[in-house]
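Accompanying notes for the structure given below.
Given the structure is predicted, the values throughout are model-derived calculations rather than measurements. Throughout, a chain's letter reflects where its sequence line sits, starting with A, and its residues are numbered from 1.
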Protein chains: 2
Amino acid sequence: MPANPDRDLPLRERKKLRTHRALVDAALRLFLERGFDEITLDEVVDEVEVSKRTFFRYFSSKEDVATAAETELWDAYVAGFARTPLDGPVLATLRRALVSALEGMDAEWERRFIATRGLIARTPALRDHSNVCSLRTQERLVEQIESKLAVDSRADVRLRLLGELAVGAWRCGAKNWVRQERHSERKGHGARDTLVSRVVEAFDALPSAVVMTPEAAEGD
Amino acid sequence: MPANPDRDLPLRERKKLRTHRALVDAALRLFLERGFDEITLDEVVDEVEVSKRTFFRYFSSKEDVATAAETELWDAYVAGFARTPLDGPVLATLRRALVSALEGMDAEWERRFIATRGLIARTPALRDHSNVCSLRTQERLVEQIESKLAVDSRADVRLRLLGELAVGAWRCGAKNWVRQERHSERKGHGARDTLVSRVVEAFDALPSAVVMTPEAAEGD
DNA sequence: TGTAAACTGCCACTGAATGACATTATTGCT
DNA sequence: AGCAATAATGTCATTCAGTGGCAGTTTACA
């Protein structure tokens, strides 16, 4: 349990991080045990011994707490991309930053993330929420691209398309990864590597997808 | 008021279409007058003189009724694409089918659609819902591509990428169209043409976006 | 005409989500 | 160390989207 926040933080901040973490963990555990739709927020907050009002001070919705692991990844991605200068193909930079974010997350996150994606895959409301969050991330990336290039995405639609391409590649790669994991007994070690591979594969397939014809389709 | 459904339909079907239409129209009118979040479903159903229980037999959510015009477009797109044989670049077929769907919708739909997009643009919950619907449409397109090509999208990630590219282009083009319309006094005639142009522009920019470098960015 | 199926409405209820305001805990300064 | 200010939390009432169960009404068909 990595509840050892930065000792330099004031007590208030430390307590907030603890509560946030406790809510995320309790929620994920309960949702995994009995299903997202079968657990009420009252049950979650009872576990952590906080009020529901407090819950909503930390999370904007029930779906938010359930998909916290993904949010952490998006935050890392956007922060990493912000720190990366643009040189060479923009899409390659977007790809590199995403891979870097994925590889930089710790092992505890990985366990939570894998469990979260499984939960998302079998819960329609969470699938929708996950998609919404990915699109919001696109928007943040586009804003950064606009800023880095000093160009408005209305003037050049390619800037907005880059957001679609990057996060779209993630959606495709992650989707295929989940579907593959569902058929695999290897639920632990190596799953992240496989996810990275699938995402990279999707990025790399973009140029070909753009010009693909029916004859180019591989038989199954 | 195009409430003249097919005379060949049984009375039951005709009444259902009428109720569906009435709910869509009342909801959109009220939402536009006072804002999506300010109108309750009780107000909407009172206008149409049906029960809320009936409302939920027609629509799965409040957001659903608000974005009906978009749903109609997606349905037309998917149906049109289903009827279109794949030849030449797949993306070009996807593009053609979308343009064809857009141009095939009638003038009454166009008015509703423009109003709906304006409402979506200023309502966060509807923006999210609209995005979710577009992603669901992607899924339907991918399923059709899989079927047409007799290939599983897990075996070839490009199939899923094609869905992202097509509907992603829509999102980019439509987004820029809405932002442009917001600054334009021409709210009526010609708006659809402009939307088509922006969407086509986005499709056409995909090959360039994939390889774009910072030096290739246009100044504003 | 009568019956079955489809459709609608009533009603109670649930649970996510919110606003107002009181209470408690922490911080920073003297 | 004490205190005032600030931040965080909890209580409580409420709203409203959404659902299930079941009775009543309408339509279709033999």
- [ ] Taking all non-hydrogen atoms of both residues into account, name the closest pair between A:Ala27 and A:Val44 and its distance.
- [x] CB-CG1, 3.9 Å
Side-chain N,O ([X]) to OP1/OP2 ([N]) below 4.0 Å:
X	N	value
A:Ser51	D:dT9	no
B:Lys16	C:dC7	yes
A:Lys52	D:dG10	no

TODO: Report yes or no: is the cationic atom of A:Lys16 (NZ for Lys, CZ for Arg) under 6.0 Å from the centre of the six-membered ring of A:Tyr58, at an angle within 45° of the ring normal?
DONE: no
Open item on the list: Would you say CD of A:Glu49 has more than 12 non-hydrogen atoms from neighbouring residues, nucleotides or ligands within 6.0 angstrom?
Closed with: no
What is the separation between atom [atom1] on [X] and atom [atom2] on [N], rounded to the nearest whole Å?
X	N	atom1	atom2	value
B:Arg53	D:dA23	CZ	P	15 Å
A:Tyr58	C:dA16	OH	P	19 Å
A:Leu9	C:dT27	CG	P	11 Å
B:Glu38	D:dA17	CD	P	11 Å
A:Glu43	C:dG15	CD	P	9 Å
B:Asp64	D:dG18	CG	P	9 Å
B:Glu13	C:dA5	CD	P	17 Å
B:Leu30	D:dA17	CG	P	12 Å

Task: hbond_proxy B:Arg12 side chain to D:dT26 base (donor-acceptor, 3.5 Å cutoff) - done: yes
Task: Of the listed nucleotides D:dA28, D:dG10, C:dA17, the one nearest the side chain of A:Val50 - done: D:dG10
Task: Candidates C:dG9, C:dA17, D:dT27 - which lies nearest the side chain of B:Lys15 - done: D:dT27
Open item on the list: Regarding A:Thr54 and A:Ser51, do their side chains bring together a donor and an acceptor under 3.5 Å, going by distance alone?
Closed with: yes
Task: Most 5' of B:Leu41 and A:Thr19 on DNA chain D, judged by nearest nucleotide - done: A:Thr19
TODO: Nearest-nucleotide wise, let me know which of A:Lys62 and A:Arg57 is further upstream toward the 5' end of DNA chain C.
DONE: A:Lys62
Task: With A:Arg160, the side-chain hydrogen bond (donor to acceptor under 3.5 Å, both in side chains) member among A:Gln138, A:Glu146, A:Glu139 - done: A:Glu139
